[in-house]
Amino acid sequence: MTDRAALAEALHFAVGPIHERPGAGKGPLAGQRLIVKDLFHVAGEPTFGGGDSPIEPLAIGTAPAVQRLIDAGAVYIGKAQMVQLAFGGWGTNACVGAPRNPWDADVFRVAGGSSSGSAVAVAAGFADLALGSDTGGSIRIPASLCGIVGLRPSQGRISLDGVMPLAPSLDSAGPMARTVADVAAAFAVLAGEPMVEGPAPVASLSLRILSDDALVADEEVAHAYRAVASRLGHNGATLRSPPLPAAPRDYVAPTGQVMGYEAWAEHGARITAGAATADPGVLRRFQAVSGIDEASYRAAQATRDADRRQFADWFEGADFLLTPATAWTAPPIADVDEGDFTLAYYTRMANYLDLCAIALPCGFDRLGLPIGIQLIGRAGDEGKLIAAAWSIERLLALPPRLPPLHASRCAN
Ligand SMILES: NC(=O)CC[C@H](N)C(=O)O
């Protein structure tokens, strides 16, 4: 790979050409190159939502979340590719093509989804900051698989105006960047609040960690997880692992009920009309949820309320729950089973229980693929969550490592 344009094309993270231009902006995000998932409307541009025809042919207004970042000095470079209609976690897209994970130069591995292009653009050095959306893990999964930081704020912290919904009772928008500090700065701008001052003292952290029976993950991921927990413990953090009311994976199916019903209500007509060209994996998932009736949905929401209360009781006395971000590192695209939801094992609970959560890198597996960890906090505790993630990032002090497919390795 010799030039940047050819690498950008091979990674397939962008919708159309990106506008790489130096930042002239002023403000806390001055000069940061910003790419936004193609479900945020930007005035005068079509919004494709991961499909081959626009869901919005020419947006009349720019989503306030995007506008805030631009007003704070970020330089908008374009739209990022995504899973069609954001309905999937692997990052595949048979409709317009999947973004490629930059951490493997030989094998085409997925980036994770649905904010796949956002994560690839940041990890491969084409953008400094990205906006994603997260309904069941769509910011944190690609952040984990691409070795970057991704924040899913609790609902209502960041405006979803001008953003294509997937499942309104689970949706949230958030920033993705290479460091916790960059995510902190972007979140402050997005939420309209002061930036957290810096890392929290490790000894002030009170965490719940997973016992071995709740830890379902690839051996290397499980090992990395335990290593982070033990380092936190050695540095004075309070760690406890009382039995969870439900294992993280037990929230996958109930989240699927709520997400499925709402997603079909939002997009069923569109999917039926465009079935011929839709991504077959996305189409199958929509077909699978098309039959969820209103009574089942209402029952699922009632159970969800009860589950929220039960979790809140369990969470008393601790500030955070530490989990892997994903149970696996990025698989080759050829190995992906579209019907498998294991990548969302640890992420969906934050949406379902309306918590905030952040994914950050914690190491690499033997193939050199990034491993991600997740910290979950209470709704509204984003500041505390960011300060805690910042202290974990500082404690781990991973040596800087660039993916083999990175813009800086190109001639121009
Ligand atoms: N947009 C999303 O967050 C959905 C993808 C997510 N991995 C899920 O299905 O849970």
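As the structure is a computational prediction, the values presented were derived from the model and not from experiment. Basis for what follows: all heavy atoms, side chains included, without hydrogens, waters or symmetry-related copies. As the structure lists them, so they are numbered: ligands from 1, and atoms in each ligand from 1.
Between the side chain of Ser391 and the backbone N or O of Pro199, no donor-acceptor pair lies under 3.5 Å.
Residue Asp354 forms a salt bridge (charged side-chain N to carboxylate O under 4.0 Å, His left out) with just one option from Arg152, Arg308, Arg378, and that option is Arg152. If you run side-chain contact (heavy atoms from CB on, under 4.5 Å) between Arg304 and each of Thr255, Leu353, Leu170, only Leu170 comes through. Screening Leu343, Leu360, Asn351, Ile358 against Arg140 for a side-chain contact (heavy atoms from CB on, under 4.5 Å) leaves a single residue, Asn351.
A donor atom on one side chain and an acceptor atom on the other are not found under 3.5 Å apart for Tyr261 and Gln301. With hydrogens and angles left out, the side-chain atoms of Asp307 and Tyr352 include a donor and acceptor closer than 3.5 Å.
Taking every non-hydrogen atom of Ser114 and a distance limit under 4.0 Å, the qualifying atoms of ligand 1 come out as 1 (N). Close contacts between ligand 1 and Gly137 involve ligand atoms 3 (O) [criterion: under 4.0 Å to a heavy atom]. Close approach of ligand 1 to Leu166 (heavy-atom distance below 4.0 Å) involves ligand atoms 1 (N).
For ligand 1, the polar-atom distance check against Asp134 finds no nitrogen or oxygen pair separated by under 3.5 Å. When only interatomic distances are considered, the shortest N/O to N/O separation between Gly113 and ligand 1 does not fall below 3.5 Å. At a 3.5 angstrom cut-off on N or O pairs, Ile141 does not count as close to ligand 1.
When non-hydrogen atoms are compared, ligand 1 lies under 4.0 Å from neither the backbone nor the side chain of Thr347. Here Val83 has no heavy atoms under 4.0 Å from ligand 1, in either its backbone or its side chain.
Annotation: side chain of Cys146 is in contact with side chain of Val120 (closest heavy-atom distance under 4.5 Å).
In terms of protein heavy atoms, atom 9 (O) of ligand 1 is closest to Arg348 NH2, 2.9 Å.
For atom 2 (C) of ligand 1, the candidate residues are Ser138, Ala344, Ser172; the nearest heavy-atom contact is made by Ser138.
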